[in-house]
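Just below is one structure, and these are the notes that go with it.
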Amino acid sequence: MDPTAMYQLSYGLYVLSAKEGEKDNGCIVNTVTQVTSEPNLIAVAVNRRNLTRDMIAKTGRLSVSVLTESAPFDLFRRFGFQSGRTADKLAGFDGYERGSNGIFLLKEHTNAHLQAEVTSMRELSTHTLFLAVVHSAERLSDEPSVTYAYYQKNIKPQPQKTTKKGWRCKVCGYIYESETLPEGYQCPICGHGAQDFERI
C-alpha cells in the first residue's frame, strides 16, 4: 500500500472497472474522492444506468486507474463513449492487466491504481454512490492527472470549422454530410447515436 497513490485522487478523470467471473467492464468517471485516511475510504459516484455500476453492486469490488495527461483520445472513446452492453471494450486492446477487482489500464497513461472493497452504497437521483475501503494502492508515475478542463482543451478532438452542411456529432465533432440523418445512425468515430448529432 503506497499512501502517496491516494494523493492522485484530487482532481481528475479515472477508469473505474469491475469484473464478474470472466467478464470485465469499465467506464470513465470524474468523481473519486478520499473520505478518510484510516482506513483509506474512498467515495465513487457512477451513473445508475452504467453496466460497470451493476457489476460493482453485484460483486462488491472495484478498481480505479487514475489517468494522466498523456492518455490518448481512443482510451476515452473506448471506455467513456461505448456501452459495455453493445460492445466489448477490450476487443483488440492489449494495454491492460486483469487484477483481482477489475482491469488495470495502460500503465504508461496511469499514475496510480487502486483496488477497493465496497462497504456501502447509496442510490442518488442519477448516480449510485459507493463507499469502499482501499486495500491496494500503487503509484506509477509523477505525471499530472488529467483534469476535465485539460481533456476538453488538449485531448478531445475540436469541432471542425466548416462550411459543410449536414450533421455534427456533439461528442467528437464528426460531420455527416447529408440533408437527413438516417434513423439509428451511429457515429463512426465515437459510436454515439443520432440523438447526439446536431444540424449544421
Side-chain angles (χ1 to χ4, degrees), residues 1-3 5-68 71 74-91 93-107 109-140 145-148 151 191-192:
M1 176 74 101
D2 181 353
M6 305 299 289
Y7 301 158
Q8 307 299 77
L9 294 179
S10 52
Y11 299 101
L13 295 173
Y14 319 90
V15 173
L16 174 70
S17 66
K19 77 174 189 178
E20 183 180 350
E22 294 304 311
K23 189 172 183 180
D24 297 282
N25 204 4
C27 63
I28 302 286
V29 296
N30 64 358
T31 307
V32 179
T33 308
Q34 184 174 6
V35 179
T36 61
S37 58
E38 290 184 14
N40 280 316
L41 188 69
I42 59 173
V44 183
V46 195
N47 190 294
R48 289 176 66 176
R49 295 181 295 170
N50 194 295
L51 183 58
T52 304
R53 173 255 174 238
D54 296 345
M55 291 177 74
I56 294 170
K58 187 172 182 180
T59 66
R61 296 179 172 187
L62 59 88
S63 175
V64 176
S65 294
V66 185
L67 299 177
T68 63
D74 181 60
L75 193 150
F76 293 93
R77 181 170 59 90
R78 183 180 295 262
F79 290 95
F81 304 150
Q82 294 182 163
S83 168
R85 290 182 172 88
T86 59
D88 179 0
K89 296 185 179 190
L90 300 174
F93 188 63
D94 58 5
Y96 71 95
E97 296 174 16
R98 201 163 192 258
S100 60
N101 288 28
I103 51 179
F104 181 156
L105 283 167
L106 290 170
K107 284 191 174 184
H109 303 303
T110 302
N111 62 25
H113 180 254
L114 314 173
Q115 295 190 78
E117 305 284 333
V118 175
T119 58
S120 64
M121 58 186 276
R122 177 173 292 180
E123 299 298 344
L124 307 176
S125 59
T126 58
H127 285 65
T128 298
L129 182 68
F130 293 103
L131 290 179
V133 174
V134 176
H135 63 78
S136 171
E138 181 180 6
R139 186 163 180 172
L140 302 172
S145 301
V146 62
T147 62
Y148 188 70
Y151 165 78
H192 274 222

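Numbers here are sequence positions counted from 1.
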Problem - N111 CG to E138 CD distance, which is reported to the nearest 0.5 Å - result: 11.5 Å
Exercise for the section: Establish, from distance only, whether the side-chain atoms of T128 and R48 form a donor-acceptor pair under 3.5 Å. Expected result: no
Below 3.5 Å, can you tabulate the donor-acceptor pairs from side chains in residues 21-32 to any protein atom, sequence neighbours excluded?
unit_1 : atom_1 : unit_2 : atom_2 : d
D24    : OD1    : R98    : NE     : 3.0
D24    : OD2    : R98    : NE     : 2.9

Practice task
Could you tell me whether the side chain of T119 and the main chain of L131 form a donor-acceptor pair under 3.5 Å?
Solution key: yes
Problem - Test: E20 and R61 ion pair at under 4.0 Å - result: no
Practice task
List for me each residue that meets side-chain hydrogen bond (donor to acceptor under 3.5 Å, both in side chains) alongside R49, sequence neighbours excluded, and say none if there are none.
Solution key: none
Practice task
List the atom of S136, the atom of V134, and the distance in Å for their closest heavy-atom pair.
Solution key: O-CG1, 3.4 Å
Problem - T126/N47 under side-chain hydrogen bond (donor to acceptor under 3.5 Å, both in side chains): CA gap, chis, key distance, verdict - result: CA-CA 6 Å; T126 58; N47 190 294; 5.5 Å; no
Practice task
Apply side-chain contact (heavy atoms from CB on, under 4.5 Å) to D74 and R77, showing your working.
Solution key: CA-CA 5 Å; D74 181 60; R77 181 170 59 90; 2.4 Å; yes
Exercise for the section: Side-chain contact test, heavy atoms from C-beta onward, threshold under 4.5 Å: evaluate it for V44 versus L16 and give yes or no. Expected result: yes
Handout entry: Nearest-0.5 Å distance that lies between atom CG in L62 and atom OH in Y14
Key = 13.0 Å
Handout entry: Minimum heavy-atom distance R139-A5, with the two atoms named
Key = N-CB, 3.8 Å
Practice task
Show your working on side-chain contact (heavy atoms from CB on, under 4.5 Å) between V146 and V66 and close with a plain yes or no.
Solution key: CA-CA 8 Å; V146 62; V66 185; over 6 Å; no
Practice task
With rounding to the nearest 0.5 Å, note down the distance linking CG in L67 to CZ in F76.
Solution key: 5.0 Å
Practice task
Measure the spacing between CG of N50 and CE of M55 and express it to the nearest 0.5 Å.
Solution key: 10.5 Å
Practice task
Verify, without hydrogens or angle tests, whether T36 (side chain) and P39 (backbone) share a donor-acceptor contact under 3.5 angstrom.
Solution key: yes
Fill in the blank from the handout: Rounding to 0.5 Å, atoms CG (L41) and OG (S120) come to a distance of 7.5 Å
Handout entry: Minimum heavy-atom distance between H113 and S63, given as atom pair plus value
Key = NE2-OG, 2.6 Å
Problem - Distance in Å, F130 CZ paired with R122 CZ, rounded so as to fall on 0.5 Å steps - result: 13.5 Å
Practice task
Quick one: closest heavy-atom pair of A116 and I42, and the distance?
Solution key: CB-CD1, 4.3 Å
